[in-house]
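Single-structure report; data block below.
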Amino acid sequence: VIFRWWKISLRNKFCESRPGEIKESWEDFLDDSSLHIQIAIVFGAKVLEHVLSLCQGNYDFLERLPVPLLLYIISFLELEDIARLSQVSRRFEMVCNSNALWENIVENLCDTITPEMKELAQEIGWKQFFFTNRLQLQLQLRRRRQKQDAQNKKDY
């Protein structure tokens, strides 16, 4: 673990200050409570918790994956598993409820999606679109068509 710091000041007496540095093995770092306090003050408790976890061998690779890769992996899960995963953390809740994920799921499970269906899904959200039964979707699509027809008649 390497902890570096710099003095930033407008005063001339500090302009020649060199950066400070502490290097410790991860075993020594785990025992150095004064360094823990310094890291918590400068970077916050979450960063300290993360560094301590890394030094203890607790790696959470899944939490650190980029969103596009997470979306790809999650799209293969069963719906019940997606619901459970959304309860793991705020990040997973955001990803599991995202329009991008549900658009992917709908496109994989539905044979045909018309442009009109896409517009409706983007309007109400892909997750809502997925869980709306067919009769309700047909009714909503019919209402959209009627509204657009009425709007077109007004324009003429």
Side-chain angles (χ1 to χ4, degrees), residues 1-8 19-149 151:
V1 176
I2 301 172
F3 180 65
R4 292 187 178 117
W5 66 89
W6 293 263
K7 277 194 185 208
I8 300 172
E21 180 177 278
I22 297 174
K23 289 183 183 180
E24 291 188 356
S25 68
W26 58 269
E27 296 99 346
D28 292 338
F29 174 75
L30 288 172
D31 295 329
D32 191 345
S33 60
S34 66
L35 188 52
H36 298 179
I37 292 168
Q38 288 178 351
I39 289 175
I41 290 170
V42 174
F43 298 107
K46 281 188 125 179
V47 170
L48 174 61
E49 181 182 330
H50 177 67
V51 173
L52 288 170
S53 291
L54 290 175
C55 290
Q56 294 166 345
N58 301 325
Y59 305 108
D60 189 0
F61 293 113
L62 192 59
E63 186 72 35
R64 304 247 179 256
L65 287 176
V67 171
L69 184 56
L70 275 175
L71 289 170
Y72 179 74
I73 293 168
I74 294 170
S75 68
F76 291 101
L77 296 177
E78 297 293 326
L79 296 178
E80 297 83 19
D81 296 328
I82 293 173
R84 285 188 199 109
L85 184 62
S86 72
Q87 297 171 349
V88 168
S89 69
R90 286 186 188 136
R91 182 169 191 241
F92 282 119
E93 179 184 19
M94 179 197 69
V95 172
C96 290
N97 291 315
S98 70
N99 267 332
L101 174 66
W102 287 98
E103 181 179 5
N104 192 359
I105 290 170
V106 169
E107 288 175 351
N108 287 338
L109 295 177
C110 294
D111 296 333
T112 57
I113 300 172
T114 65
E116 188 179 34
M117 292 168 71
K118 273 191 174 190
E119 283 181 32
L120 178 62
Q122 289 168 345
E123 190 177 296
I124 66 172
W126 283 95
K127 184 177 180 181
Q128 179 69 36
F129 180 83
F130 179 81
F131 284 108
T132 303
N133 71 38
R134 290 179 188 239
L135 290 174
Q136 288 175 328
L137 280 177
Q138 288 173 351
L139 179 64
Q140 287 179 349
L141 286 170
R142 190 175 313 120
R143 285 180 184 158
R144 272 180 67 80
R145 276 188 227 116
Q146 290 171 350
K147 190 187 270 185
Q148 286 175 343
D149 289 344
Q151 185 65 35

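The first residue of the sequence shown is numbered 1, and numbering continues consecutively from there.
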Using a 3.5 Å cut-off and no angle test, enumerate the donor-acceptor pairs between side-chain atoms of residues 90-101 and protein atoms at least two apart in sequence or in another chain.
from, atom 1, to, atom 2, distance (Å)
Arg91, NH1, Glu63, O, 2.2
Arg91, NH1, Leu65, O, 3.2
Arg91, NH2, Leu65, O, 2.5
Asn97, OD1, Lys127, NZ, 2.5
Asn97, ND2, Glu93, O, 3.0
Ser98, OG, Val95, O, 2.8
Ser98, OG, Leu101, N, 3.3
Asn99, OD1, Trp126, N, 2.9

Residue pair Leu109, Phe130: steps toward the side-chain contact (heavy atoms from CB on, under 4.5 Å) verdict: CA-CA 10 Å; Leu109 295 177; Phe130 179 81; 3.6 Å; yes

Would you indicate whether the side-chain heavy atoms of [Y] and [X] approach each other to under 4.5 Å?
X      : Y      : value
Arg143 : Lys147 : no
Glu123 : Gln128 : no
Ile74  : Leu71  : no
Ile113 : Val106 : yes

Would you say [atom1] of [X] has more than 12 non-hydrogen atoms from neighbouring residues, nucleotides or ligands within 6.0 angstrom?
X     : atom1 : value
Tyr72 : OH    : no
Glu78 : CD    : no
Glu49 : CD    : no

Separation of [Y] [atom2] from [X] [atom1] (nearest 0.5 Å):
X      : Y      : atom1 : atom2 : value
Asn108 : Phe76  : CG    : CZ    : 7.5 Å
Glu24  : Leu30  : CD    : CG    : 9.5 Å
Gln138 : Met117 : CD    : CE    : 9.5 Å
Glu119 : Phe129 : CD    : CZ    : 11.5 Å
Asp32  : Ile39  : CG    : CD1   : 8.5 Å
Leu85  : Leu70  : CG    : CG    : 8.0 Å

Considering all heavy atoms, the nearest Cys55-Phe29 contact: SG-CD2, 3.6 Å

side-chain contact (heavy atoms from CB on, under 4.5 Å) between Gln38 and Leu35, intermediate numbers included: CA-CA 5 Å; Gln38 288 178 351; Leu35 188 52; 3.5 Å; yes

Ile105 and Ile82: CA distance, side-chain angles, deciding distance, side-chain contact (heavy atoms from CB on, under 4.5 Å) verdict: CA-CA 11 Å; Ile105 290 170; Ile82 293 173; 3.7 Å; yes

Asp31 backbone acceptor or donor facing His36 side chain under 3.5 Å: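 Checking the backbone N and O of Asp31 against the side chain of His36, no donor-acceptor pair under 3.5 Å is found.
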
Glu27/Ser25 under side chain to side chain donor-acceptor pair (under 3.5 Å): CA gap, chis, key distance, verdict: CA-CA 5 Å; Glu27 296 99 346; Ser25 68; 3.2 Å; yes

